[in-house]
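This report concerns only the one structure given below.
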Protein chains: 2
Amino acid sequence: MELVSENKVAGGWHRRYRHRSQHTHCDMTFAIFLPEQANSDQPVPVLYWLSGLTCTDENFMQKAGAFKRANELGIAIVAPDTSPRGHDVADDPDESYDFGLGAGFYVNATQPPYDKHYQMYSYVSEELPALIEQHFPVSTKRAIAGHSMGGHGALVVGLKNPTRYHSISAFSPIANPIDCPWGKKAFTGYLGEDQALWQAYDACHLLRNSQDDLRVPIRVDQGEADQFLAEQLKPEALAKAAQASDYPLALTMHPGYDHSYFFISSFIDAHLDFHAQHIK
Amino acid sequence: MELVSENKVAGGWHRRYRHRSQHTHCDMTFAIFLPEQANSDQPVPVLYWLSGLTCTDENFMQKAGAFKRANELGIAIVAPDTSPRGHDVADDPDESYDFGLGAGFYVNATQPPYDKHYQMYSYVSEELPALIEQHFPVSTKRAIAGHSMGGHGALVVGLKNPTRYHSISAFSPIANPIDCPWGKKAFTGYLGEDQALWQAYDACHLLRNSQDDLRVPIRVDQGEADQFLAEQLKPEALAKAAQASDYPLALTMHPGYDHSYFFISSFIDAHLDFHAQHIK
């Protein structure tokens, strides 16, 4: 594991690392924020943040404004990249923004040529937490959050691993990917034409089929002025699934807010406070 | 004046506008944050933010994390671009990052071909405030702040106009440009070889020659791990000038912090609180 850069921020440290991934078979870069109280005698809980389409590990760390509250709460934040990277990693032949590089959708691809490297589900849910817990002064108290495609990722990773994550939150998630253009395109490309197989990565399906005794609390925030709301995000489908199965979902709609990091930065402290209730 | 984009953030609004400048003779883009309490019955004071080399109006607005506190305090923030822009605006023939486009240094250039468009001093100190006060629900209570090249700009604009600004602050400013490589290169290119003329834009010179009865309080914060500290920034020269002339300068050095927006985001709330004491 190679240190790429480090910056002191809000009393703690922001560091970027590069490492060889066993699952994605390429070098992966991630960023970690360590609050000042993190040390081997006092391991801190970790919030994993999954970013949206086109992002890397850098967007959240530069734009979310999360460090001051994370340092006060004593929570580490880990932000992986959103896809495998490298000149030998297959990209969308059309070089679109919503498939291929920067658009891994946090699934394990089964379709060539994507199946070799696009194993982002295993990377973020297994390999990365194990690496973080081996190398940094953190506990095994984990939470997961994300934005847009990363909101989908956070919901799916959290719902599929209810014993490993204590809380889940999402900003503007792609809540029902099997029923929106972004999701259908990605799942067709990574998982193939059989739509029955897509359900394993659909938050609405997972939520409806969650075990009663293993329910991780979920917070979702959505801007009403989000340009992608009606066609791509569909939080109402998630709310309906939660209501039907009596799942603890707190969905809040925010008039005026859009899909950008301006929205995330406005409510990230509230998300950190939510997770702190469950991982502290 | 044309609205380019708008985003709700932290209860207020971030908006970008494009307008034709009388001084730079080109289209200029600026950003404004308006706190939610800004309206024509309750005009709010304005903090002008000047950014550093390579920046536009966007860097501060996306990375500083200033909106929550600015909204609480009821302070508007205006961020201009750092140079004139356009295909007919002369750039450095070498296309370097520290001269020409993105590196206007907040001076009025006298040397061709830069004198036509590079009139950033007049733009930020006269034209922009007049435009802002004409079109937005703001008062004439003004403060000015900036980073690096923009820290130099804030110090110079504030010190040269002590009746127009109530407080000045800077992160990691180029404090003594007539005595560092960045400043010497820029001033030679924009102002010519006569170094006596450079002093009109040197914070140390202006501070030493400020009138006793017109002293605007200054706050400066500087990271000790800043890679540009010794060669380019020279806060010790500013401290020496302040001490010699008994000027109210509060300079704080911060161990571990570097030149990045991670440093700015760590202390921007303290700067906003400092300005609020003087413009509220």
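First the proteins, then the strands, lettered A, B, ... as listed; each starts at 1.
F171(B) and H271(B) have parallel rings, their planes meeting at less than 30° on a 0 to 90° scale where 60° marks the start of perpendicular. Ring planes of H147(A) and W49(A): parallel class, angle under 30° (limits at 30 and 60°).
Heavy atoms of K68(A) lying under 4.5 Å from chain B belong exclusively to its side chain. For a residue to count as touching a neighbouring chain, one of its non-hydrogen atoms must lie under 4.5 Å from one of that chain's; by this rule D269(B) touches chain A with the side chain only. Contact of F67(B) with chain A is made through the side chain alone, with heavy-atom distances under 4.5 Å. With a 4.5 angstrom heavy-atom cutoff, D258(B) touches chain A only via side-chain atoms.
The line from OG of S21(B) to CZ of R85(B) is 13.5 Å long, rounded to the nearest 0.5 Å.
Heavy-atom pairs under 4.5 Å with chain A were tallied for Y261(B), F263(B), Y257(B), W13(B); the largest tally goes to Y257(B).
Checking H254(A) against D221(A) by side-chain atom types alone, a donor-acceptor pair falls below 3.5 Å.
For F30(A) and Y123(A), the distance between ring centers is not under 6.0 angstrom.
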